[in-house]
Amino acid sequence: MKLNDLSLMALSNLWKTRLRTVLTTLGVVIGIGALVSMVSFGTGMQKNVTQAFKDNDLFTSIYVTPHQIDVNAAMSGDVESLAGSLVEPAPMLSDSAVTAFQSLEGVDMAFPEIRFPVKIRLNGQETKTQAQGLPATMANYKPFADLPLGTFYSSDNEKRVILRRNVLHDLNLVLRDPEKKTQVSLEDSLKGIRSIQADSLLGMEIELITSVIDIQKMMRNPLAMLRSPGQASLKELITRVRISGIRKPFGGFEEGRYNAGVVIPIQTAQSIPRLGFSSVWDMLDQNRGSGGYGAVFVRVKDVNSVISVKEEIEKMGFGTFTIMDQLKEIQQGFLIMDSLLGAVGIIALVVAALGITNTMVMSILERTREIGIMKAIGGSEREIKGIFFIEAAIVGFLGGVFGLVLGWIVTRIANLVANAFIARQGGPHVELFYIPFWLILGAIAFSILVSLLAGLYPATRAARVDPVEALRHD
Amino acid sequence: MLLSAKNLSRTYHKGKVKINALKQVSFSVDEGEFLGIVGRSGSGKSTLLNLVGGLDTATSGQMVVSENDLTQMNRQDLARHRLRTVGMIFQSFNLIPSRTALENVTLALAFGNVPRKKRKSEAADLLCRIGLSGRLDHRPGELSGGEAQRVAIARALANQPRILLADEPTGNLDSRTSQEILDLIKNLNREEGITVMMVTHDETSCRQVAHRMIRLLDGEIVEKKSYEAAK
């Protein structure tokens, strides 16, 4: 018997027991639906993260540190080997090193990481945040290429800065929204928060306050430092700058290391007097008297040259870190997450497979005589097995297709609900689920495969029906 | 010689009890012959027919049908033997109840790999030849016993077998219909030259149609007889 004849027979058998077929298939539909929605959540997360990195040009960034830090040792708390790597004589991240990076093939720009804590004062209100010095050329890169308000500064030494919107809020100011009737809630206005026009905000002068060690004061009263070492010997210095632009309220992981509350032109930042260290690394460097920068940003022209530039820099004896390194780990993490999510779906599918086996075994018991007849008139074991296999495959195929539809519907609803929730929290719209093409084909293929496996035992059993036994008249 | 059986035995195990359904049976059938197998129920006559039909395999002995030794065949070969060499009919007809008369016959043609387009006309021809032209689209439940047995005969003949094996073909029929079916089988043998082996418990009907008969009792051949008059 030809394959299409066997298929027709299988179809007509399934049609004869419609209700049972529908119920059995429904089990597979639910299993595949669960699998698809679970896995598409995993792939959706992965896509969002990767896309966020891409959107922010983070793939073209290399973060250079003076030491080749053994990340594994640092993570596992292996202090000895970590300390060892710090004690080894390391080259200095000096200006000449920055120039050397700049001249490497494929490098767009290289600049030192300048970061320090700063106090911002406006209209008598003060708040603390991190300041970061960045070159004016960063205007071409995300997250600065598309500021929500104002423009990026255009030279490295002007006295204009970019503020984060939440810093503004900390200064008791909110931007006036022309579409809103009430600009400031009653609660906020009681706290003294007031609204401000965007036009009058841009160009407004603010004060950046930094601390330096006051040596004269220290000399005058050395005991004061012992009593309160934090403040006694510090002196505050004020730098006046103007607001050039406002960036979005909160920085996510996708902003990488460009996430400071106030961004200052790099040369202006270098000229602001401040304590010589802003991190433990800097302090360690200072103690060793090496000087130089804590870290240097290197941006390459395109993603393909990241690896070659990274290798060149490592040859010079520096440590590097790229988002690629992190992405690899993230991807491994996603693989584990996908597997866990997939496992939930697979459990549902296993239950469905047992349902198929059960239904088919029952149907073979009912059809024993018919199978006996088919054997008596010349049906071979292969053909009879084929009929049952095809029945299982059809159930698997239908289950796969409708399971995909179910999975899609579930993800749409879940996405709608989740986004309604996110919107209430003031977040942007996100697509939580992603059903890639491989998942569509994979789900159907997997469904058929599982159904065939479920049909293996019943089909074999059907093929082995003893015709003499089956035809014995009762 | 179309068929020869030598020392054919078939032993069943029912729990711990050993049943010798056939004991060292030897016989032969010539091309175009009509052999009757007579015996009481439990004498082993149906077992013998099942062995010839390839539904069952002998425990020992040898059986050659058109030069192929059935005792040496694997399951795939036996299926082919059932499809091509023999056609079987049964006391209880064994039609598939959900299929029409025509569909029961086309199923056999489908197993015989007859192209789909030809199946319907071939099956209809067969059914008409056997006198069922008006009942093609009836299901077995809507047919009388005689009609159902005719459908079964048409199905058995679908793939042009060399031997027609009939297991108590009239056992479920009234005497008038029984006579019609016997006449039909006799005709197939006499007019179309189809070799027939028919199992029956009733020697009278056997004598009407068969050339020869063998009698089985407790799994052994106890009598062999030729009906000269029948020829």
**OP:** Can you check whether anything in residues 383-419 of chain A gets within less than 4.5 Å of chain B, heavy-atom wise, and list it by number?
**Re:**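 Within residues 383-419 of chain A, the residues under 4.5 Å from chain B are A:Glu383.
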Original post:
Does NZ or CZ of A:Arg461 fall inside the cone over A:Tyr457's six-membered ring, less than 6.0 Å from its centre and within 45° of the axis?
Top reply: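 No.
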So which part of [X] gets closer than 4.5 Å to some heavy atom of chain B, the side chain, the backbone, both or neither?
X: A:Ile377; value: both
X: A:Asn4; value: both
X: A:Arg367; value: neither
X: A:Ile371; value: neither

Subject >> Side-chain donor or acceptor of B:Asn20 paired with backbone N/O of B:Lys23 under 3.5 Å >> reply: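 Flag not set: sc B:Asn20 to bb B:Lys23 has no pair under 3.5 Å.
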Original post:
Any sub-3.5 Å donor-acceptor pair from A:Lys375's side-chain atoms to A:Asp466's backbone N or O?
Top reply: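 Not a single qualifying donor-acceptor pair exists.
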Subject >> Closest approach of B:Leu126 to B:Ala158 (non-hydrogen atoms, all atoms of both residues) >> reply: CD1-CA, 3.5 Å
Answer with side chain, backbone, both or neither: which region of [X] has an atom nearer than 4.5 Å to a non-hydrogen atom of chain A?
X: B:Arg84; result: neither
X: B:Asn94; result: both
X: B:Leu78; result: neither
X: B:Thr47; result: neither

Original post:
Could you walk me through whether A:Leu349 and A:Ile30 pass the side chain to side chain contact (heavy atoms under 4.5 Å, CB included) check?
Top reply: CA-CA 8 Å; A:Leu349 204 57; A:Ile30 292 168; over 6 Å; no
Subject >> 4.5 Å side-chain heavy-atom contact, A:Asn358 and A:Met362 >> reply: yes
Original post:
Can you pull out the residues in residues 55-68 of chain B with any heavy atom less than 4.5 Å from chain A?
Top reply: B:Leu55, B:Asp56
